[in-house]
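First comes the structure, then the notes that go with it.
Everything numeric here is computed off the predicted structure, so don't read it as measured data. Quick note on labels: first sequence line is chain A, next is B, and so on, each numbered from 1.
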Protein chains: 2
Amino acid sequence: MPESAPPRRVTAADIARTVGVSRATVGFVLNNTPGQTISEGTRARVMEAAARLGYRPNKAATALAGGRSRIVLLMLPDWPADFSVRTYLEEASRALDEAGYSLVTQTHSAARVARPLWEALNPDVVIGWARFDDDDVASMRAAGITRIVPRPDVQVPLDEAPGVAEGARLQVDHLCDLGHRRLAFAAAADPRIGDLVQARASAAERQAGVRGVDLVDVRAVAHADGSAAEAVRDWRAAGVTGVVAYNDDVAAAVVGAAVRAGLRVPGDLAVIGHDDSPLAALFVPSLSSVRMDAVQAGRFLAELALREAEDRPISPMRYEPETHLVVRESTAGETDVGIL
Amino acid sequence: MPESAPPRRVTAADIARTVGVSRATVGFVLNNTPGQTISEGTRARVMEAAARLGYRPNKAATALAGGRSRIVLLMLPDWPADFSVRTYLEEASRALDEAGYSLVTQTHSAARVARPLWEALNPDVVIGWARFDDDDVASMRAAGITRIVPRPDVQVPLDEAPGVAEGARLQVDHLCDLGHRRLAFAAAADPRIGDLVQARASAAERQAGVRGVDLVDVRAVAHADGSAAEAVRDWRAAGVTGVVAYNDDVAAAVVGAAVRAGLRVPGDLAVIGHDDSPLAALFVPSLSSVRMDAVQAGRFLAELALREAEDRPISPMRYEPETHLVVRESTAGETDVGIL
DNA sequence: ATCGGCGACTAGCGCGCGCTAGCTACCACC
DNA sequence: GGTGGTAGCTAGCGCGCGCTAGTCGCCGAT
């Protein structure tokens, strides 16, 4: 092989040279720059050369010159990295892609690194599911990031977040419709998602009030530390027959504790989860849950990011995702599951 | 507020101006450029000014000038986005961070977008768990990415991948030690991870041979389509008492099917999973599994990426992660779980 | 007294791109 | 014939940084 030099990347200058035209013209053609008139012939020749040479604009140079990276960074909480999130991300990614943006996702790790991703990527927008804490906001500001969602300066009550009220309503209504009169809410212990948990719990309490049933206890529950077992004991003693869980993981912990305590599910205790994770279908008994339309949510996220990136107003946006109940054995099973 | 102009980002030139020194000097100080002698006083003044002004180098400019983005892109398969992966990623991320690199992770979505992430990010290295297909490799090459792991030009037999043989060995040995003489392997149906599934199955067959027990069937199994139920029926008929599952999800599907078929687990059928996902502990009965040391694996990934990025040889690297058994109810439970 | 060497620094190019400020040729119109 | 307008193009700056090729002054050795 006579040619062993590293094949230099094709640049716009290369195209200009082969076509016999200036670099500016190449730029105008490839970017369809408005306000520039290019003859049909030149345009075609440039396009052809670009395709033939396999030209790819250097993103670093584009970002430097344009001052925008066209990257959207989504920070995900590190706990619920499950379920329909995949669909959600895929849809958001595609919608952004169509608009010329790229979505980069990172799960927000507790172990802070020296160089957070927003510093390395120079994203145009950083989006989170929950509000960023002050340290993060300061770090982003220092990194020159001005577009942050949710806006750090705006306080949005989290129980008004899309879908929260509706999901809790479906959970509570389902249990009520099955005749349960005394309910409990099983929260997640993880402090990182504390406010979302709180929001769902409040919404459930509100809906219980609407339906005129008692929601006698809200309590954090975990599988590992025995708190689930304890909760089940207490709830039984208090006459609770239906449990609204923050999500499917928590629901599984409650069901597991109940079964191990010799109870029948759903005969003695009915439990409903949230998110319709794969676990919900897999579990024995399978878990009733609530599913939100991930495709819609993904598009919503993309739209939010785009508006922010392009400095268009986001205030008139209102969004209520389609939410529906998925009934399975843990609330409506005909055969109880328990220990033999 | 008199000042409403967007606060321009601080550049190295700003530092140079305030300190009264040239831009080059600033660069030398901040990068600790070898071969440059800078007086202690100047160095201190530059550092101080940088800190005071909150200077952050523009990554786009750095990437453009240096020709390297210091980004490592990790493409994850989109199926097993679960379990210890988080620890793994966190550790890899930290190790890379220490070396001045950033790890960006993307789950490899089936729905191809117009602009794959490696095109938008200009990563120095792209790493995948499995080999990339030819389209992807071509796309990366076109995007100017030369460092791809696993190397597209090198064929590595997947059953030699780190940990595969050892994990299967632990699974089979455990069931053998409990007295099971006829085993089956429950594979995952997902074609995207076909070769990894195949590798684990082969390793299990080999180990069964070593132990002199029969592994009578290898079959893809899923919860949704009834294939798990069918498999359990067939296995029972064939006298199988122990099942080695590809991972915990598959194990859960098998256990679920067994319980629903009126079998006792582990009394009639013992099942062991792989990966020690959260599901394994949560499930009822809880699932025995195999855990690989995610921290080690993460460091290994980081080291691999760094060597590739810095064009250091990777051939002498050999790595066998610590792997150990997690015994739970699905193989060694004292009380069987079943339908009441 | 001269020269080489070295410590401490600076001028300025190049990375690849977007884009402004032109410039030229051509045509329509008075 | 002059004037204005426009289609179609180009020269070249600026983005912020890394880094090479110097420059300058001082000190020790000849």
Side-chain angles (χ1 to χ4, degrees), chain A residues 6-47 49-50 53-71 100 119-122 124 143-144, chain B residues 6-46 50 53-71 100 119-122 124 143-144:
Chain A
R8 211 178 38 76
R9 201 72 189 272
V10 176
T11 74
D14 294 331
I15 298 180
R17 208 172 308 116
T18 63
V19 175
V21 89
S22 80
R23 252 223 55 247
T25 304
V26 172
F28 294 149
V29 170
L30 295 178
N31 299 327
N32 249 322
T33 312
Q36 294 291 339
T37 53
I38 306 285
S39 71
E40 221 25 75
T42 304
R43 182 177 298 275
R45 265 174 291 128
V46 168
M47 297 297 277
L53 298 179
Y55 170 71
R56 306 291 162 114
N58 180 319
K59 290 293 174 183
T62 308
L64 179 58
R68 310 188 308 117
S69 61
R70 297 191 148 256
I71 288 175
E119 207 156 296
L121 293 185
N122 234 358
D124 292 343
Chain B
R8 212 178 38 76
R9 202 70 189 272
V10 176
T11 73
D14 295 331
I15 299 180
R17 208 173 307 116
T18 63
V19 175
V21 89
S22 81
R23 253 222 53 249
T25 303
V26 173
F28 295 148
V29 170
L30 294 178
N31 298 328
N32 249 320
T33 311
Q36 294 290 340
T37 54
I38 306 285
S39 71
E40 223 23 75
T42 304
R43 182 178 298 275
R45 265 175 290 128
V46 169
L53 299 178
Y55 170 71
R56 306 291 160 115
N58 181 320
K59 289 294 173 183
T62 308
L64 178 58
R68 308 187 309 116
S69 61
R70 299 193 146 254
I71 288 175
E119 206 155 299
L121 293 185
N122 235 358
D124 292 343

Quick one, [X] and [Y] - any side-chain contact, counting heavy atoms below 4.5 Å?
| X | Y | answer |
| --- | --- | --- |
| B:N122 | B:I71 | no |
| B:R56 | B:V10 | no |
| B:R45 | B:T18 | no |
| A:V29 | A:M47 | yes |
| B:L30 | B:I15 | yes |
| A:V21 | A:V26 | yes |

Could you run down the sub-3.5 Å N/O contacts of the protein with nucleotides 22-28 of chain D?
none

Ignoring hydrogens, what is the shortest heavy-atom contact between [X] and [Y]? Give both atom names and the distance.
| X | Y | result |
| --- | --- | --- |
| B:A63 | B:S69 | CB-CA, 4.1 Å |
| A:V19 | A:A49 | CG2-CB, 3.5 Å |
| A:T11 | A:Y55 | C-CE1, 3.5 Å |

Do any side-chain nitrogens or oxygens of A:S39 fall under 4.0 Å of OP1 or OP2 in D:dC9?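 Yes, A:S39 has a side-chain N/O under 4.0 Å of OP1/OP2 on D:dC9.
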So does B:T37 get a side-chain nitrogen or oxygen closer than 4.0 Å to the phosphate oxygens (OP1/OP2) of C:dC9?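 No, B:T37 has no side-chain N/O under 4.0 Å of OP1/OP2 on C:dC9.
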I want to confirm an ordering. Mapping A:T33 and B:V21 to their closest nucleotides on DNA chain C, which one lands closer to the 5' end? B:V21
Distance, rounded to the nearest Å, where A:R68 contributes CZ and C:dC19 contributes C1': 14 Å
Considering the terminal five base pairs at each end of the helix from C:dA1-D:dT30 to C:dC30-D:dG1, what angle separates the two local helix axes, rounded to 10°? 70°
Side-chain (B:N31) to main-chain (B:T33) donor-acceptor, under 3.5 angstrom: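 Not a single qualifying donor-acceptor pair exists.
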Close N or O pairs between protein and nucleotides 11-18 of chain C (under 3.5 Å):
unit_1, atom_1, unit_2, atom_2, d
C:dC17, OP1, A:Y55, OH, 2.5
C:dC17, OP1, A:N58, N, 3.3
C:dC17, OP2, A:A12, N, 2.6
C:dG18, OP1, A:N31, OD1, 3.4
C:dG18, OP1, A:N31, ND2, 3.2
C:dG18, OP2, A:N31, ND2, 3.2
C:dG18, N7, A:R23, NH2, 3.1
C:dG18, O6, A:R23, NH1, 3.3

